[in-house]
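Counting starts at 1 for both ligands and their atoms, in listed order. The residues of the chain are indexed from 1 along the displayed sequence. Worth knowing before you read on, the calculation uses all heavy atoms, side chains too, and leaves out hydrogens, waters and symmetry mates.
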Amino acid sequence: MAGTEMSNDHVVFFDTTLRDGEQSPGCSMTTQEKLTMAHALEDLGVDIIEAGFAMASEGDFAAIATITQAIRKPRIASLARAKAEDIEMAARALQFADRARIHVFLASSDLHLEFKLKMSRAEALEQCGESVRLARSLADDVEFSPEDATRSDRDFLVEIVRVAVEAGATTINMPDTVGYVTPEEYGAMFSEVRERVPAIDEKGVVLSAHCHDDLGLAVANSLAAIQAGARQVECTINGIGERAGNAALEEIAAALYVRGDYFGLTTSIKLDKLYPTSEVLGQLITFKPSPNKAVVGANAFAHESGIHQHGMLANPLCYEIMTPQLVGVAKTHLVLGKHSGRAALRHRLEQLGFTVSREELQQMYYRFVALADRKKNIYDQDLVGLLPDNIRERRSEPVSELD
Ligand code: KIV
Ligand code: ZN
């Protein structure tokens, strides 16, 4: 397959944290920070790192050039508008890469063509063909993205994809640039384009999904495209990106693994590096994922309600579809709060070295609930403070330190 790492049951992960992710508020990174992130992405096992947009700034150019010299396993990509100067600049930034990709994009929706580019459809087709041919003369791996593909006239989308494939594009990415479509529509678009452009399969061109999260559908849409034959997915760590963000890499990787029975596809992602990679990014930019973020949020493996905690203590499968360790999180947290039950309270007291009788637990429980009603977070010190002296004096070897 021209210039890619794909087999038919393998999904290529194209990480764009350093390009689409970085171009959102609070996420800009220095070259050194981008390099730190690129090392984390290499350890995570992503197939392709989009390291920046070479023409956008000197900083982006420098970051791409630096990353190509330090990172060996993933292919390195630079974004370029469908313009000769952009494409040549991308090629220069990538010149030291072992394996490089030039990613050319050109809007294909009438809205973008008319208002943003002031270009006719015919001009866009010509520019697409010329740009992809130029890029192919400079790199053997060229991706073409018809920007705003999901709001493009379908016949025109098919036409521009055909032109890009004929000009030598090795990957065709069809972005949902504004996060507009539903999973059914996005999947159907991939099936239709693939059927109407037979050269995609004849030449082994890889189809790629690139989704934004404006309606909270980015991951669902990406998975729908994969179901319809996309074998590359573009995503970012923690789902950072323009506006509401891009599809979150960790969610797609976890879904493909946990629901392997349904998807039957492989990836090169080392799942136990998901949380550590999310942590690296959280330290480099100005915010961390929200606590309820799937897979990597602080509450992704935390349980407060009594019924859930009781179930978790009996068998974690009751309320967890994957172990925290699978994605690199140390352990499940049974958080004590006003919804917790006696089982979790006893469990925590035992971890802290306090064994209590049924009656003692009952009394402790009343005091604990009264405190939890007044206080949002209950710490171990609060629990110890609630214990009567006779229990406190009986403390045995704790299995867990006070938090
Ligand atoms: O969202 C988008 O359309 C993009 C392209 C440049 C691929 O980021
Ligand atoms: Zn994008």
For [X], counting its heavy atoms only, list the atoms of ligand 1 lying under 4.0 Å from any of them.
{"X": "Glu147", "result": "3 (O)"}
{"X": "Pro175", "result": "2 (C), 3 (O)"}
{"X": "His212", "result": "1 (O)"}

Can an N or O of [X] be found at a distance shorter than 3.5 Å from an N or O of ligand 1?
{"X": "Thr177", "answer": "yes"}
{"X": "His103", "answer": "no"}
{"X": "Asp20", "answer": "yes"}
{"X": "His210", "answer": "yes"}

Please verify whether a non-hydrogen atom of Glu234 lies at under 4.0 Å from ligand 1.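 Distance cut 4.0 Å: Glu234 fails for ligand 1.
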Decide yes or no for [X] and [Y]: does some side-chain heavy atom of the first lie under 4.5 Å from some side-chain heavy atom of the second?
{"X": "Ile64", "Y": "Leu94", "result": "yes"}
{"X": "Gln309", "Y": "Tyr319", "result": "no"}
{"X": "Ser208", "Y": "Pro175", "result": "no"}

Between Arg19 and ligand 1, which residue portion shows a heavy-atom distance shorter than 4.0 Å: side chain, backbone, both, or neither?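 The part of Arg19 near ligand 1 is the side chain, not the backbone.
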How many angstroms lie between atom OG of Ser191 and atom OH of Tyr186, to the nearest 0.5 angstrom?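 Ser191 atom OG to Tyr186 atom OH measures 12.0 Å (nearest 0.5 Å).
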Between SG of Cys211 and CG of Asp176, what distance do you get to the nearest 0.5 Å?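 Here the interatomic distance stands at 5.5 Å.
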State, to the nearest 10 degrees, the angle whose vertex is the Zn ion (ligand 2) and whose arms point to NE2 of His212 and NE2 of His210.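 The two atoms subtend 100° at the Zn ion (ligand 2).
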Please determine whether a side-chain nitrogen of the Lys or Arg among Glu250 and Lys293 lies less than 4.0 Å from a carboxylate oxygen of the Asp or Glu.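 Yes.
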Would you name the N/O/S atom of Asp20 that lies closest to the Zn ion (ligand 2)?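 The Zn ion (ligand 2) is closest to the Asp20 atom OD2, counting only N, O or S.
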Determine, for Tyr365 and Arg342, whether the Lys NZ or Arg CZ falls below 6.0 Å from the six-membered ring centre while staying within 45 degrees of the axis.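 Positive - Arg342 is close enough to the ring of Tyr365 and near enough to its axis.
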Kindly assign one of parallel, tilted or perpendicular to the pair His308 and His303, based on the angle between their ring planes and the thresholds 30° and 60°.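 Taking His303 first and then His308, their aromatic rings sit tilted (interplane angle of 30° to 60°).
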